[in-house]
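Numbering starts at 1 and runs along the sequence shown.
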Amino acid sequence: MVETVFAGITLAVCVVLLVRLMLGQRRQQRFDAAARRAWAGCRSQARNIYRWRSVRDESAAAAQEAIRRARTGADRDGNVIRPRSFRGPRKPH
C-alpha cells in the first residue's frame, strides 16, 4: 500500500516536470511563480494548524486551572458558593 502511494506521488511529480519542460521560457517562469505561491500557502496552512493545536492545549490547561481554583477557593452552603474573598468588609474605605 505504501509503495503504491510513493509510486503515485513520484509519477505525478515526473508528469509535472515533463509538462514544465514542454512550456516556453515565459510560461515556465509563471509556472514556477505559481508553484512557489502554492508551496508558501501550504506552509502557512501547516503553521496555522500547529498554532491552533498549541492554542487549544493552552486553553484546555487554563480551563483546568480555573476549575481547580473554583473548587478549592470557596465555601459551599448547599448549592450556594461563597468565595473566601467575600468575607472582608464590603466597603474598603
Side-chain angles (χ1 to χ4, degrees):
M1 177 68 183
V2 175
E3 295 86 10
T4 307
V5 173
F6 285 140
I9 291 171
T10 304
L11 178 65
V13 169
C14 288
V15 168
V16 168
L17 291 175
L18 181 65
V19 168
R20 184 183 174 276
L21 284 175
M22 293 189 316
L23 297 175
Q25 182 179 3
R26 299 228 345 129
R27 287 190 180 176
Q28 276 185 2
Q29 290 173 349
R30 288 175 51 197
F31 181 85
D32 292 343
R36 278 190 221 105
R37 283 192 304 270
W39 179 251
C42 290
R43 288 180 58 201
S44 69
Q45 286 296 330
R47 276 192 232 120
N48 288 341
I49 290 170
Y50 176 74
R51 285 186 196 136
W52 181 78
R53 286 182 182 163
S54 64
V55 168
R56 182 184 62 190
D57 294 343
E58 290 172 9
S59 64
Q64 290 299 323
E65 176 64 21
I67 290 169
R68 186 193 60 77
R69 280 189 321 222
R71 287 182 179 159
T72 60
D75 295 328
R76 290 184 179 265
D77 184 19
N79 64 349
V80 177
I81 299 174
R82 294 197 174 108
R84 291 186 183 113
S85 63
F86 286 1
R87 288 184 184 172
R90 297 210 25 115
K91 292 185 178 180
H93 47 21

I need the [X] [atom1] to [Y] [atom2] distance, nearest 0.5 Å.
X	Y	atom1	atom2	value
Leu11	Thr4	CG	OG1	12.0 Å
Met22	Leu17	CE	CG	11.5 Å
Arg27	Arg30	CZ	CZ	7.0 Å

* More than 12 heavy atoms from other groups under 6.0 Å of CD on Glu65 -> yes
* Answer yes or no: does atom CZ of Arg26 have more than 12 heavy-atom neighbours from other residues, nucleotides or ligands under 6.0 Å? => no
* Asked: For Gln28 and Leu23, which heavy atoms make the closest approach, and how far apart are they?
  -> NE2-O, 3.6 Å
